[in-house]
Chemist: 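Handing you a structure now.
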Amino acid sequence: MTAPRIVVLAGGVGGAKFVRGVRALCRERWPDGPAGTAASITVVVNTGDDLWLAGLRVTPDLDSVMYALAGVNDDVRGWGRAGETERVSAELTAYGVGWPWFTLGDLDLGTHIARSAMLRDGLPLSAVTERLTARWPLGVRLLPMTDAEVETHVVVDEDGEERELHFEEWWVRTRAALTAKRFVQHGVAQATPAPGVVEATGAADVILLAPSNPVVSIGTILGIPGIREALRSARAPVVGVSPVIGGAVVRGMADACLTAIGVATDAAAIALHYGARGSGGLLDGWLVDEVDTDATGALNGAGVRSLVTPLWMTDDGASAIIVAGALGIATAIAREKGPETVP
Ligand code: FO1
C-alpha cells in the first residue's frame with residue numbers, strides 16, 4: 001500500500017487517543033513525509049459539544065484532539081492542558097461569570113481567546129482550527145464537522161418535568177445522572193459539512209470511525225446533512241472500532257446516551273446501529289475486543305467484516321496496533337470490492 005489517505009471521524013478523549021494511534025502507525029509505515037509521515041490523515045471532529053462561555057467559543061473535542069496530538073494535553077484528566085493553572089477561572093467564578101463547575105484553565109483560555117478573536121474577525125471555524133493547529137507539527141489535518149454552530153442539548157426529566165440542558169451541563173454538572181430522554185442538535189438542519197470534509201471522504205483510501213461516543217460524537221457528525229451520504233458514496237472502505245468492550249463503555253457515559261436512543265451497550269448492537277453498507281448503512285468493517293468474539297456472528301450475518309483484536313488503547317503502540325488491524329481489513333475489503341478501490 002502506498003502512503004494512504006486516511007479520514008477519521010472522531011469525538012474528544014477516545015478520539016484523541018485513537019488519532020494518536022493513526023499517526024503513530026503512519027509514521028512507522030510511511031515515515032518520509034512532513035511531521036514524520038507521507039500518509040495523509042484528516043480528522044473530522046465533532047463540534048456538537050461546543051458552547052459560548054464567558055463570552056468565548058469553547059470547542060471541547062477539537063481541543064482534546066489538538067492538545068493530544070501536540071502532546072500538551074492533560075492525560076490524567078483527559079481534557080485541557082498539562083501543567084494547567086486556574087487563576088483566571090477563580091476570578092470568573094468570583095464575578096459569577098461562566099460555569100463554576102466547568103473549569104477553563106489559564107492555558108486553555110489562551111486557546112479560547114485566540115479562537116474567539118479569529119471568529120470575531122470573521123474567520124470560519126475551519127480556518128480558525130487551521131490557524132490554531134499550525135502552531136504545532138501535528139502531522140494531521142483537523143476539520144470541524146461543520147463551520148455552523150451546532151449544539152447538542154439533552155432533554156432530561158428533572159423532578160417530573162422536561163428540561164433541556166446543554167450537553168456539557170448534563171455531562172459535567174450532573175455527570176449524566178439525569179436520565180436523558182433524547183438529544184437535540186440545535187442548528188443541524190441548516191448546517192453543511194465544513195470545507196474539505198466531503199472532498200476528503202471522496203478522495204480517501206480508508207475511512208475510520210474512532211471509538212468515540214456513537215450518539216453525541218460520531219452520531220452528531222453523521223447528522224450533518226451531506227456527511228452520511230458522503231461516506232455511503234465513498235469508494236473507500238468504512239471501518240469502525242467498537243467503543244464498548246465486554247458490554248461496558250471504555251470511558252465516559254456513552255451507555256447513558258445509547259440507552260436514550262434505544263441501542264444496547266454492546267459491540268455488535270452499535271455496529272448494527274451504524275448499519276452495514278450493503279443494507280443502506282455505513283460500515284464495511286468493525287473491530288471488536290477479544291471478550292466480544294461472540295459479536296462476530298451477528299456482524300458477519302449483517303455483511304460487516306469483523307476483526308477480533310485487543311481494543312484497550314493503553315498507549316500509542318497499542319492504539320497503532322488497533323489501527324493496523326483496521327487498515328488490514330480495509331485492504332481486504334477493498335480487494336474484494338475490485339481493483340479500483342485497493343488503497
Ligand atoms: N470535563 C469535566 O469533567 N470537568 C470540567 O470542568 C471540564 C472543563 C472543560 C473545559 C474545556 C474543555 O474543552 C473541556 C472540558 N471538560 C471538562 C471536558 C469535556 O466535558 C469533554 O471534553 C467533552 O465535552 C466530552 O467528550
Side-chain angles (χ1 to χ4, degrees), residues 9-20 43-70 72-90 92-93 97-116 119 125 128-129 132-133 142 144-145 149-154 165-178 180 183 185 209-221 243-244 249-258 260 313:
L9 271 59
V13 180
K17 283 190 175 183
F18 183 73
V19 172
R20 281 180 60 98
V43 188
V44 180
V45 184
N46 167 50
T47 56
D49 299 359
D50 296 5
L51 71 160
W52 285 101
L53 197 61
L56 300 171
R57 191 66 180 166
V58 178
T59 64
D61 285 357
L62 278 168
D63 292 346
S64 287
V65 179
M66 176 172 73
Y67 291 157
L69 288 169
V72 297
N73 61 309
D74 178 332
D75 57 13
V76 174
R77 289 193 304 189
W79 50 271
R81 290 285 293 271
E84 188 58 282
T85 52
E86 296 165 12
R87 296 187 67 193
V88 176
S89 171
L92 292 174
T93 300
V97 171
W99 286 335
W101 37 268
F102 193 83
T103 306
L104 297 175
D106 297 324
L107 298 176
D108 197 30
L109 278 164
T111 305
H112 308 319
I113 293 166
R115 174 182 306 110
S116 304
L119 289 170
L125 182 58
V128 170
T129 304
L132 294 177
T133 54
L142 297 193
M145 63 188 190
E149 287 188 13
V150 173
E151 292 193 7
T152 300
H153 287 202
V154 189
L165 305 178
H166 185 282
F167 170 78
E168 291 293 357
E169 180 170 5
W170 177 68
W171 190 260
V172 175
R173 183 174 65 77
T174 81
R175 288 275 169 244
L178 296 173
F183 296 94
Q185 268 82 21
L209 303 188
S212 298
N213 188 310
V215 182
V216 293
S217 293
I218 303 295
T220 302
I221 298 170
V244 161
V249 290
V250 171
R251 68 172 289 131
M253 297 156 273
D255 42 351
C257 303
L258 287 161
M313 297 188 287

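Counting starts at 1 for both ligands and their atoms, in listed order. Along the sequence shown, residues carry numbers from 1.
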Chemist: With side-chain hydrogen bond (donor to acceptor under 3.5 Å, both in side chains) as the criterion, how do Glu149 and Trp52 come out once you've worked through the C-alpha distance, each side chain's angles and the decisive distance to 0.1 Å?
Modeler: CA-CA 10 Å; Glu149 287 188 13; Trp52 285 101; 3.1 Å; yes
Chemist: Just verifying a value: how many Å separate Leu132 CG and Leu62 CG, rounded to the nearest 0.5 Å?
Modeler: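 Leu132 atom CG to Leu62 atom CG measures 9.0 Å (nearest 0.5 Å).
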Chemist: Return the set of residues passing side-chain hydrogen bond (donor to acceptor under 3.5 Å, both in side chains) with Arg81 (not counting sequence neighbours), or none when no residue passes.
Modeler: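 So Arg81 forms no side-chain hydrogen bond (donor to acceptor under 3.5 Å, both in side chains) with any residue.
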Chemist: Just jot down the side-chain hydrogen bond (donor to acceptor under 3.5 Å, both in side chains) partners of Asp255, sequence neighbours excluded, or say none.
Modeler: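 Not a single residue meets the side-chain hydrogen bond (donor to acceptor under 3.5 Å, both in side chains) criterion with Asp255.
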Chemist: Once you restrict both partners to nitrogen or oxygen, which atoms of ligand 1 have a protein partner under 3.5 Å, and how far apart are they?
Modeler:
residue, atom, partner, partner atom, Å
ligand 1, 1 (N), Trp79, NE1, 3.4
ligand 1, 3 (O), Arg175, NH1, 3.4
ligand 1, 3 (O), Arg175, NH2, 2.9
ligand 1, 6 (O), Trp101, O, 3.3
ligand 1, 6 (O), Thr103, N, 2.9
ligand 1, 20 (O), Glu168, OE1, 2.7
ligand 1, 24 (O), Asp49, OD2, 3.0
ligand 1, 24 (O), Glu168, OE1, 3.4
ligand 1, 24 (O), Glu168, OE2, 2.3

Chemist: For the pair Trp170 and Phe167, name the ring-plane relationship: parallel under 30°, tilted 30 to 60°, perpendicular over 60°.
Modeler: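 The arrangement is tilted - the two ring planes meet at 30° to 60°.
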Chemist: Please list, chain by chain and in numerical order, all residues satisfying side-chain hydrogen bond (donor to acceptor under 3.5 Å, both in side chains) with Gln185, sequence neighbours excluded.
Modeler: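 Partners of Gln185 under the side-chain hydrogen bond (donor to acceptor under 3.5 Å, both in side chains) test: Thr152, Thr220.
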